[in-house]
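Given the structure is predicted, the values throughout are model-derived calculations rather than measurements. Naming: A, B, ... by sequence-line order, numbering from 1 per chain.
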Amino acid sequence: MPRDAAEAVTLQHRLRHRVVSDAPLPAPPRLVAGLDVSYESSSAGGRIAGAVVVLHLPDLSIAESVTSIGTCDFPYVPGLLAFREVPILLSALEKLTVTPDVLVCDGYGIAHPRRFGLACFLGVTTGLPAFGVAKTPFVGTFDEVPDERGAFTPLVHEGETVGRALRTQRGVKPVFVSPGHLIDMDDSTGLALRLALRYRLPETTRRADRLSRDALREALSSA
DNA sequence: GCGACAG
DNA sequence: ATCTTGTCGC
C-alpha cells in the first residue's frame with residue numbers, strides 16, 4: 001500500500017487499465033457479499049472494523065459473516081477512500097470459507113475522478129466481480145429520477161456514463177450505482193434493486209454496516 | 001483562482 | 001465516517 005497521496009494516485013492510474021466494467025456477470029449470482037468499514041475516529045490513527053456479510057440469493061439468508069479489526073493508517077481524501085478501507089476489508093475477506101459471486105461495495109466503482117473507486121480496487125485485487133452503491137453524489141451529474149422504484153437516470157462524468165442514480169424505493173432519495181469490475185451497468189443495477197426490496201440501501205450494505213459497527217464497539221470495550 | 005468532495 | 005434532539009409516519 002502507498003504511504004502518501006501521490007503514490008496512491010499513481011497506483012490508481014497504473015491499475016485502472018485492468019478494470020473490466022462492461023461485461024455481464026458470467027452466471028446468475030448465488031452468493032452476494034456486502035462490505036463495510038466502521039471507524040473509531042474520523043481521522044487516521046484510530047481503530048477500525050471491517051465486515052463482510054455473504055447472503056444467499058434470492059432469499060437473502062445469511063451464508064457467512066466475518067469481521068476484522070485494525071488501525072486506520074491513511075487519512076480521508078476524496079478519491080482515495082480505497083486506501084483507507086481496502087486493507088481491512090481484504091483481511092476480512094481472507095477469513096471467508098465461501099467465495100462470493102459478487103461484492104457489493106459501500107462507495108463508487110468507475111464513477112470516480114480516475115475511474116478507479118473502491119469497488120474497482122476490490123474487484124481487481126480479488127479477481128471477483130464487484131460494484132458500488134453509494135449514498136451521496138461524488139462525481140458527475142444526473143437528471144432527476146422519477147419517483148418510482150426501479151427508475152434511474154444516467155450518471156455522467158466528463159461525457160461518459162459512469163453509473164446510475166437509482167430509486168430503490170418510492171419517496172426516498174436515489175442511491176448511486178456504478179460497476180467496479182467484471183460486471184456491467186445493467187447487472188449492477190439489477191442486483192442493487194434485488195437487494196433493496198424493503199429499504200433504500202441494499203440488504204448487504206445494511207447488514208455489513210451493522211456488523212462492522214458492532215465489531216468495533218466490541219473491540220473498543222473488551223480490550 | 002474558487003468551491004466541491006464516496007466514507 | 002462520527003457526533004447528536006426532536007419529529008413525522010406506518
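- When distances run from any side-chain atom of A:His112 to the nucleotides B:dG7, C:dA1, B:dA6, the shortest one goes to B:dA6.
- In this structure, A:Leu80 reaches the bases: a heavy-atom distance under 4.0 Å links it to at least one base atom across the strands shown.
- With respect to the salt-bridge test (charged N to carboxylate O, under 4.0 angstrom), the residues A:Asp106 and A:Lys135 qualify.
- Rounded to an integer number of Å, the gap from A:Leu122 CG to B:dG7 P is 15 Å.
- Ring stacking is absent between A:Tyr108 and B:dA6, as the pair misses the limits of under 5.5 Å between centres and under 30 degrees between planes.
- As rounded to whole Å, 14 Å separates atom C1' of B:dC5 from atom CZ of A:Arg84.
- OP1 or OP2 of C:dT2 has at least one side-chain nitrogen or oxygen of A:Ser38 nearer than 4.0 Å.
- For the pair A:Ser42 and C:dC3, the criterion of a side-chain N or O lying under 4.0 Å from OP1 or OP2 is not met.
- At a threshold of 4.0 angstrom between heavy atoms, the contacts of A:Gly79 include nucleobase atoms, whether or not backbone atoms are also involved.
- Within 4.0 Å of A:Leu118, counting heavy atoms only, lies at least one base atom of the nucleic acid.
- In this structure, A:Arg213 atom CZ and B:dG7 atom C1' are separated by 12 Å, rounded to whole Å.
- Between A:Leu96 and A:Val54, some side-chain heavy-atom pair lies under the 4.5 Å cut-off.
- Checking the phosphate oxygens (OP1, OP2) of B:dG7, a side-chain nitrogen or oxygen of A:Lys135 falls inside 4.0 Å.
- Separating the CZ atom of A:Arg164 from the C1' atom of B:dA6 is a distance of 20 Å, rounded to the nearest angstrom.
- Closest approach to the A:Asp36 side chain among B:dG7, C:dT2, B:dA6 is made by B:dG7 (side chain taken as heavy atoms from C-beta onward).
- A:Pro137 comes within 4.0 angstrom of the backbone, heavy atoms only, and of no base.
- Of the listed nucleotides (B:dC5, B:dG7, C:dA1), B:dG7 has the atom at the smallest distance from the side chain of A:Leu81.
- Remark: ring of A:Tyr76 overlaps the six-membered base ring of B:dG7 in a stacked fashion, centroids less than 5.5 Å apart, planes less than 30° apart.
- At a cut-off of 3.5 Å, with distance as the only test, a side-chain donor of A:Glu64 or A:Thr97 sits close to an acceptor on the other residue.
- Between A:Asp209 and A:Arg206, no side-chain nitrogen of the basic residue sits less than 4.0 Å from a carboxylate oxygen of the acidic one, so the salt-bridge criterion is not met.
- The CZ atom of A:Arg114 sits 17 Å away from the P atom of B:dC5 (whole-angstrom rounding).
- For the pair A:Phe74 CZ and B:dA6 C1', the computed distance is 15 Å after rounding to whole Å.
- Backbone-only contact: A:Tyr39 has heavy atoms under 4.0 Å from sugar-phosphate atoms and none from a base.
- The CD-P distance, from A:Gln169 to C:dC10, rounds to 15 Å in whole Å.
- For A:Glu160 and A:Arg115, the salt-bridge test passes: some basic side-chain N is under 4.0 Å from an acidic carboxylate O.
- Taking atom CG on A:Leu35 and atom C1' on B:dA6, their separation rounds to 15 Å, with Å as the unit.
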